[in-house]
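Sequence lines set the chain letters: A, B, ... in the order given, protein chains first and strands last, and positions in each chain run from 1. Please read all numbers here as calculations on a predicted model, not as lab measurements.
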Amino acid sequence: MNPYEIDVYALIYDLVRQIPEGYVTTYGAIAKALGDIRASKAVGEVLAMNPTPIIVPCHRVVMSDGSLGGYTHPEGVRKKAELLRREGVEIIGGKVNLKKCFFNDFKLKIRPFEVFRDYQKRISEKIRLEDYDFSAIVGVDLTYNGRYGIAAVVVFDEKGNPEYVRYYSKKTLVPYVPTYLAFREYPIIEEVSRDLRGYLFFLDGHGILHPRKCGYASHVGVELDTPSIGVAKSLLVGNIVIESNNLAKVLIDDEVRGYAIYDKGRASVYVSPGHKITVGSALRETMKVKKYKIPEPTRLAHYYTKLGKEMFKNRKLLPERLLETPL
DNA sequence: GCGACAG
DNA sequence: ATCTTGTCGC
């Protein structure tokens, strides 16, 4: 089972089509069917993008307490209530009675988040936390336009100067769900990053500072077999242990998984090794390229991501077509 | 009431 | 991440 071929958006729309007229389900019930209750917010986001309302009856998905939740329609949630009433679902005090009309008999062949967790376990077993040589540095970042991800990959030369930027866009199959970021973003950067094996990758997210020791930066590092570092703006898991004015260790089970760098008494970024680098070297390499709050590789990539998005909108950047510009 | 999660 | 108004500082 190739995890990168699983279309979670399509699975969600398929599940919603199974809800019969006169019944409702909840965002959480769909998330559980997909294999992780934590995906419930993402279910709501995916339904808000429903390309075929009524055909995919997303008005039949409500909150776990029976309240209606939202509805992306000019008339808003009033339309959701009208559709449900027309189908015979009673709404009293703004709530449906889930005891009477709760549908949970979903049929599905795969639970994507179970597949993803199994895959993360396999990836985490391949992580090497020793220092390997690298030729130069690469910074990666993504932005989104609907379901299309737009990646900017900034490649530096041996002296540390930005040399060129690559742009690439592709439709994403997976919504953002905490702890599964790599399944959303890796397929978009895979093709433009393959030939950069041997570079040190800076990625926007955590490395081993992850509940299953398999964050985005580790995932990318292992898949591309290249050194990688995760630099995140906020913490996903871990306990902070202050070391000095501007540094703290981040521990999981008494193990140092990364560092928090502080600027003026405030955490600026969290650094953790992805693959083929030690936790100490990840910190040192990050400090070397940190001029502002965000280290230069990902800071520049983030800047170019905005240009990439404009080009995407203007049809100068087409889906699954590589664009490269010298800097 | 508590806890609350990268992008 | 995105959206969107408002404010601060160069």
Side-chain angles (χ1 to χ4, degrees), chain A residues 8-9 27-28 31-32 34-49 63-65 70 72 113 116-117 120 123-124 139-153 169-189 201-221 228-240 250 252 257-261 264 267-275 282 286 292-295 297-299 301-306 308-310 312-313:
Chain A
V8 176
Y9 286 83
Y27 299 98
K32 278 185 196 165
L34 295 169
D36 197 328
I37 182 65
R38 291 181 181 85
S40 51
K41 277 190 194 124
V43 170
E45 289 169 14
V46 170
L47 295 186
M49 300 171 74
M63 310 276 276
S64 60
D65 67 352
T72 305
F113 293 101
F116 294 164
R117 282 194 298 277
Q120 285 179 325
I123 293 269
S124 70
V140 180
D141 193 29
L142 285 92
T143 187
Y144 288 86
N145 190 214
R147 275 186 65 176
Y148 282 86
I150 296 123
V153 178
S169 77
K170 191 176 175 179
K171 198 172 184 178
T172 180
L173 302 182
V174 181
Y176 170 70
V177 179
T179 77
Y180 302 97
L181 176 62
F183 296 96
R184 175 169 172 81
E185 307 212 329
Y186 178 67
I188 298 167
I189 66 164
F201 276 64
F202 278 84
L203 297 143
D204 222 328
H206 294 290
I208 62 168
L209 192 44
H210 179 277
R212 292 177 291 280
K213 210 170 181 171
C214 187
Y216 175 50
S218 296
H219 196 124
V220 171
S228 64
I229 295 174
V231 181
K233 293 180 285 294
S234 63
L235 198 56
L236 176 61
V237 281
N239 304 307
I240 304 285
V250 188
I252 299 179
R257 295 281 191 97
Y259 289 97
I261 301 173
K264 308 160 200 145
S268 80
V269 288
Y270 300 87
V271 179
S272 59
H275 181 51
T286 300
Y292 308 105
K293 174 177 160 141
I294 307 296
T298 44
R299 195 185 133 262
H302 188 254
Y303 170 78
Y304 288 112
T305 237
K306 292 173 191 168
K309 188 174 185 169
E310 282 313 303
F312 181 80
K313 288 182 182 173

Whole-Å distance between [N] [atom2] and [X] [atom1]?
{"X": "K41(A)", "N": "dG3(B)", "atom1": "NZ", "atom2": "C1'", "answer": "11 Å"}
{"X": "R117(A)", "N": "dC5(B)", "atom1": "CZ", "atom2": "P", "answer": "19 Å"}
{"X": "L235(A)", "N": "dG3(B)", "atom1": "CG", "atom2": "C1'", "answer": "15 Å"}
{"X": "R299(A)", "N": "dG7(B)", "atom1": "CZ", "atom2": "C1'", "answer": "19 Å"}
{"X": "F116(A)", "N": "dA6(B)", "atom1": "CZ", "atom2": "C1'", "answer": "16 Å"}
{"X": "K306(A)", "N": "dG7(B)", "atom1": "NZ", "atom2": "C1'", "answer": "15 Å"}
{"X": "Y176(A)", "N": "dC3(C)", "atom1": "OH", "atom2": "P", "answer": "17 Å"}
{"X": "N239(A)", "N": "dC5(B)", "atom1": "CG", "atom2": "P", "answer": "12 Å"}

Which nucleotide in [options] has an atom nearest any side-chain atom of [X]:
{"X": "T143(A)", "options": "dT2(C), dC5(B), dG7(B)", "answer": "dT2(C)"}
{"X": "L236(A)", "options": "dG7(B), dC5(B), dC3(C)", "answer": "dC5(B)"}
{"X": "D141(A)", "options": "dT2(C), dG7(B), dA6(B)", "answer": "dG7(B)"}
{"X": "Y216(A)", "options": "dG7(B), dA6(B), dC5(B)", "answer": "dA6(B)"}

DNA chain B contacts made by residues 204-215 of chain A, counting heavy atoms under 4.0 Å: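 Hits under 4.0 Å, by residue number: D204(A), G205(A), H206(A), H210(A), G215(A).
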
Could R299(A) and F202(A) be counted as a cation-pi pair, given that NZ or CZ must be under 6.0 Å from the ring centre and within 45° of the axis?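 That pair does not qualify as a cation-pi contact.
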
Row check, Y144(A) ring normal vs R184(A) NZ/CZ: under 6.0 Å, within 45°: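 Yes, a cation-pi geometry.
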
Does [X] reach the side chain of [Y], with side-chain heavy atoms less than 4.5 Å apart?
{"X": "M49(A)", "Y": "T72(A)", "value": "no"}
{"X": "L209(A)", "Y": "L235(A)", "value": "yes"}
{"X": "V8(A)", "Y": "V46(A)", "value": "no"}
{"X": "T172(A)", "Y": "Y9(A)", "value": "yes"}
{"X": "D141(A)", "Y": "T298(A)", "value": "no"}

Given a 3.5 Å cut-off on both pairing distances, which stems involving DNA chain B, each at least three consecutive Watson-Crick or G-U pairs, are present, if any?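 So the stems come out as none.
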
Classify [X] by what it touches in the nucleic acid, base, sugar-phosphate, or nothing, heavy-atom distance under 4.0 Å.
{"X": "Y180(A)", "answer": "base"}
{"X": "T179(A)", "answer": "base"}
{"X": "K233(A)", "answer": "sugar-phosphate"}
{"X": "Y144(A)", "answer": "sugar-phosphate"}
{"X": "H302(A)", "answer": "sugar-phosphate"}

Without swapping roles, check the side chain of R257(A) against the backbone of I208(A) for a donor-acceptor pair under 3.5 Å.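 Answer holds: yes.
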
For the backbone of Y27(A) and the side chain of S40(A), can you confirm whether one donor and one acceptor N or O come within less than 3.5 Å of each other?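 Such a contact is absent between S40(A) side chain and Y27(A) backbone.
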
Check the surroundings of atom CZ in R38(A): do more than 12 heavy atoms from other residues, nucleotides or ligands lie under 6.0 Å from it?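 Incorrect, the count does not exceed 12.
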
Distance below 4.0 Å between S234(A) side-chain N/O and dG7(B) OP1 or OP2: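 Checking dG7(B) against S234(A), a side-chain N or O does come within under 4.0 Å of OP1 or OP2.
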
